[in-house]
K.L.:
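Mind looking over this structure? Questions follow.
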Amino acid sequence: MRVFRLAFSAFGVLLIAVGALWIGQGTGAFPYPATSFMINQTPWIINGLIAAIGGLVIILGSRRILH
């Protein structure tokens, strides 16, 4: 069970990081690479929020369910 909790937690952290990257590109705060289609695009802010919240839910759920 501990291995599953660690795997789910790692996946949740990765999902939060990807969500933060998408939010940064969607808002224009992280415009790299400069030719990215995601820069200053509102849908990527929303997608990033969904991904980050999903990652948080996975982390909290894995701690609660697999405890």
Side-chain angles (χ1 to χ4, degrees):
M1 287 301 237
R2 184 175 171 92
V3 173
F4 288 117
R5 188 173 2 157
L6 182 62
F8 280 117
S9 294
F11 180 69
V13 168
L14 180 64
L15 201 54
I16 291 171
V18 168
L21 175 67
W22 289 353
I23 292 168
Q25 286 196 328
T27 60
F30 185 71
Y32 181 79
T35 59
S36 176
F37 61 91
M38 296 168 59
I39 297 173
N40 294 324
Q41 299 293 320
T42 305
W44 290 105
I45 300 170
I46 296 166
N47 292 341
L49 284 171
I50 292 169
I53 291 170
L56 186 62
V57 167
I58 289 171
I59 291 171
L60 294 176
S62 70
R63 291 179 181 215
R64 188 162 211 176
I65 293 172
L66 298 175
H67 182 55

K.L.:
Specify the closest pair of heavy atoms between P31 and G28, including all atoms of both residues, with the distance to one decimal.
P.N.:
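For P31 versus G28, the nearest heavy atoms are CD-O, 3.6 Å.
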
K.L.:
Spell out, yes or no, whether V18 and W44 are grouped together once hydrophobic residues are joined by side-chain heavy atoms under 4.5 Å, including indirect joins.
P.N.:
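In one cluster with V18: W44, yes.
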
K.L.:
Does S36 reach the main-chain N or O of Y32 with its side chain, forming a donor-acceptor pair under 3.5 Å?
P.N.:
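Between the backbone of Y32 and the side chain of S36 there is no qualifying donor-acceptor contact (under 3.5 Å).
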
K.L.:
Restricting to non-hydrogen atoms, name the atom on R5 and the atom on R63 that form the minimum distance, rounded to 0.1 Å.
P.N.:
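In terms of heavy atoms, the two residues are closest at CD-CA, 4.1 Å.
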
K.L.:
Which distance, rounded to the nearest 0.5 Å, do you find between the CG of L56 and the CD1 of I16?
P.N.:
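So the CG of L56 and the CD1 of I16 are separated by 5.0 Å.
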
K.L.:
Indicate the atoms forming the closest heavy-atom contact of F8 with I58, along with that distance.
P.N.:
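In terms of heavy atoms, the two residues are closest at O-CG2, 3.4 Å.
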
K.L.:
Calculate, to the nearest 0.5 Å, the distance between atoms CG and OG belonging to L60 and S9 respectively.
P.N.:
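Answer for the CG-OG pair, L60 versus S9, is 9.0 Å.
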
K.L.:
Write down the atom of A51, the atom of W22, and the distance for their closest heavy-atom approach.
P.N.:
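Reported closest heavy-atom pair: CB-CZ3, 4.2 Å.
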
K.L.:
Got a second to check how far M38's CE is from T27's OG1, nearest 0.5 Å?
P.N.:
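Here the rounded value is 10.5 Å.
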
K.L.:
Nearest 0.5 Å, what's the CD1-CD1 distance between I45 and I50?
P.N.:
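The CD1 atom of I45 sits 12.0 Å away from the CD1 atom of I50.
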
K.L.:
Flag the pair P33 / Q25 as yes when at least one side-chain heavy-atom distance between them is below 4.5 Å, and no otherwise.
P.N.:
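Yes; the side chains approach each other to less than 4.5 Å.
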
